[in-house]
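Let me begin by presenting the structure, written as structure tokens, before commenting on it.
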There are 2 protein chains.
Amino acid sequence: MADSAEGRPEPEEGAAGPREGVLHRVAEAGRAMSDAAVLYHGELSSRLGLGATDWKILGLVQAAGSVSAGELVRRSGLKPASITGVLDRLERRGLLRRVRDEADRRRVLVEPAPGLEDGRVELFEGLLRRLAELCGHYTDAELELVAGFMEEAARRQLEATAELQGQEPPER
Amino acid sequence: MADSAEGRPEPEEGAAGPREGVLHRVAEAGRAMSDAAVLYHGELSSRLGLGATDWKILGLVQAAGSVSAGELVRRSGLKPASITGVLDRLERRGLLRRVRDEADRRRVLVEPAPGLEDGRVELFEGLLRRLAELCGHYTDAELELVAGFMEEAARRQLEATAELQGQEPPER
DNA sequence: CCTTATATTTCGTTCGAACGAACTAAATAA
DNA sequence: TTATTTAGTTCGTTCGAACGAAATATAAGG
């Protein structure tokens, strides 16, 4: 890792040195990726005929691999009755399945439907192909660097999300 | 640019060589960023009390700077009556304003409310601070590389989105 | 001027998501 | 065993977003 920004010699105030330029470029690129991701996810979900909530829950299930319905209630902020509805819709479309928890038969475990466990649908194919092609233009070392940055950026964005959730809602 | 993936010597099939490893890592990082972005946007919009549609239209308006209502109808796929509703809600919350087009007084131009024209709200502060700190760990050259990759990735994701939109919806 | 086309809004309706309350089933405590 | 708590579902209601049709206002053509 390079030294921290604080220790770096500052170009004269106001004038945009190379550092300011590149920081701005990274910020813009991040925003562009973010917007693109939101649009892409939106298109994917509408293509599956899923509302935003259903899509979100499906994401939670896929991330977890196997979760109880109650856990989804906790993580999503929805009420139990609503989760039941979401799961009904997703199950009806064959995107996940409910399994009785044999250890505690009150519980219902939810899992991605067979075939969607890991990656997602073949709808991703178009994006994955394009990104693979992009990677072809970079060396392993360069990709390591890029991946490291993106991993950290994602982690921090989740942090920022949690921070937002933690604050009390402004006013309604 | 490095040579394309096709020309690269393949490690024996099945065994994950360093190339496979790093490609996988990039893919995972991309997915992590994507998910984080979706969650962050979701939290931001719910924090502003906006539905997904309102948030999307607001994004279109901010991207365009100034658009007519009809143009939003075209770009969003919503019906005119719905756009009117969206704009009512956004305007009531002070996030944008309607201005009569003096050149053609049938039209209504929509603009981001003063103070939200460029970047977005101060809600972004937490995220921006974290990302700036992250950038502090990298040199200018490294950040140029990262930014270039992310710009291209975003462009390709938009392409993939357009491709999805172009295809006929599967079945309903 | 009068007709027709375009841009947006108004109104009333429809549809689905989220909810509270009541209910069933299973685990746990007494 | 019986009582109590926990997990999830069912049912009926509410609320808002998206819509079609009709209304309004402005522009453009004959």
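A, B, ... follow the sequence lines: proteins, then strands. Residue 1 opens every chain. When reading the values below, keep in mind they use all heavy atoms of this one structure, side chains included, and skip hydrogens, waters and symmetry mates.
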Judged by nearest nucleotide, the residue sitting upstream toward the 5' end of DNA chain C, A:Asp104 or A:Asp54, is A:Asp54
- Could you tell me whether the phosphate oxygens of D:dT9, OP1 or OP2, come under 4.0 Å of any side-chain nitrogen or oxygen in A:Arg98? yes
To the nearest angstrom, the NZ-C1' distance between B:Lys79 and D:dA22 comes to 16 Å
Open item on the list: Assess whether a salt bridge exists between B:Glu71 and B:Arg74, defined as any Lys/Arg side-chain N lying under 4.0 Å from an Asp/Glu carboxylate O.
Closed with: yes
Result for 5'-nearest mapping on DNA chain C, choosing between A:Arg105 and A:Leu78, is A:Leu78
Nearest heavy-atom approach of B:Val73 to B:Ile83 is CG2-CG1, 3.6 Å
Q | A:His41 and B:Asp35, any side-chain heavy atoms less than 4.5 Å apart | A | yes
Between CZ of B:Arg106 and P of D:dT26 the distance, given in whole Å, is 11 Å
message: Any carboxylate oxygen within less than 4.0 angstrom of a Lys/Arg side-chain nitrogen, looking at B:Glu144 and A:Arg25?
response: yes
Under 4.0 angstrom, heavy atoms only, what part of the nucleic acid is B:Ile83 near: base, sugar-phosphate, or nothing?
nothing
Between CZ of A:Arg92 and P of D:dT9 the distance, given in whole Å, is 13 Å
Comparing nearest nucleotides in DNA chain D, the 5'-proximal residue of the pair A:Pro80, B:Glu102 is A:Pro80
Hits for side-chain contact (heavy atoms from CB on, under 4.5 Å) against A:Leu44, two or more places apart or cross-chain, chain-then-number order -> A:Tyr40, A:Trp55, A:Leu123, A:Phe124, B:Leu164
So, with a heavy-atom separation below 4.0 Å from DNA chain C, the residues of residues 66-76 of chain B are B:Ser68, B:Ala69, B:Gly70
Taken in chain and number order and not counting sequence neighbours, the residues that satisfy side-chain hydrogen bond (donor to acceptor under 3.5 Å, both in side chains) with A:Thr161 are none
With sequence neighbours left out, the residues meeting ring-ring contact (aromatic ring centres under 6.0 Å, His included) with A:Phe149 are B:Tyr138
Across all chains, not counting sequence neighbours, the salt bridge (Lys or Arg N to Asp or Glu O under 4.0 Å) partners of A:Asp88 are A:Arg98
Min and max contacting nt of DNA chain C in 5' to 3' order, chain B heavy atoms within under 4.0 angstrom, are C:dT6 to C:dT10
Problem - Short N-O contact, A:Arg155 and A:Glu159, less than 4.0 angstrom - result: yes
Atom CG of A:Asp88 and atom C1' of D:dT9 are separated, to the nearest Å, by 8 Å
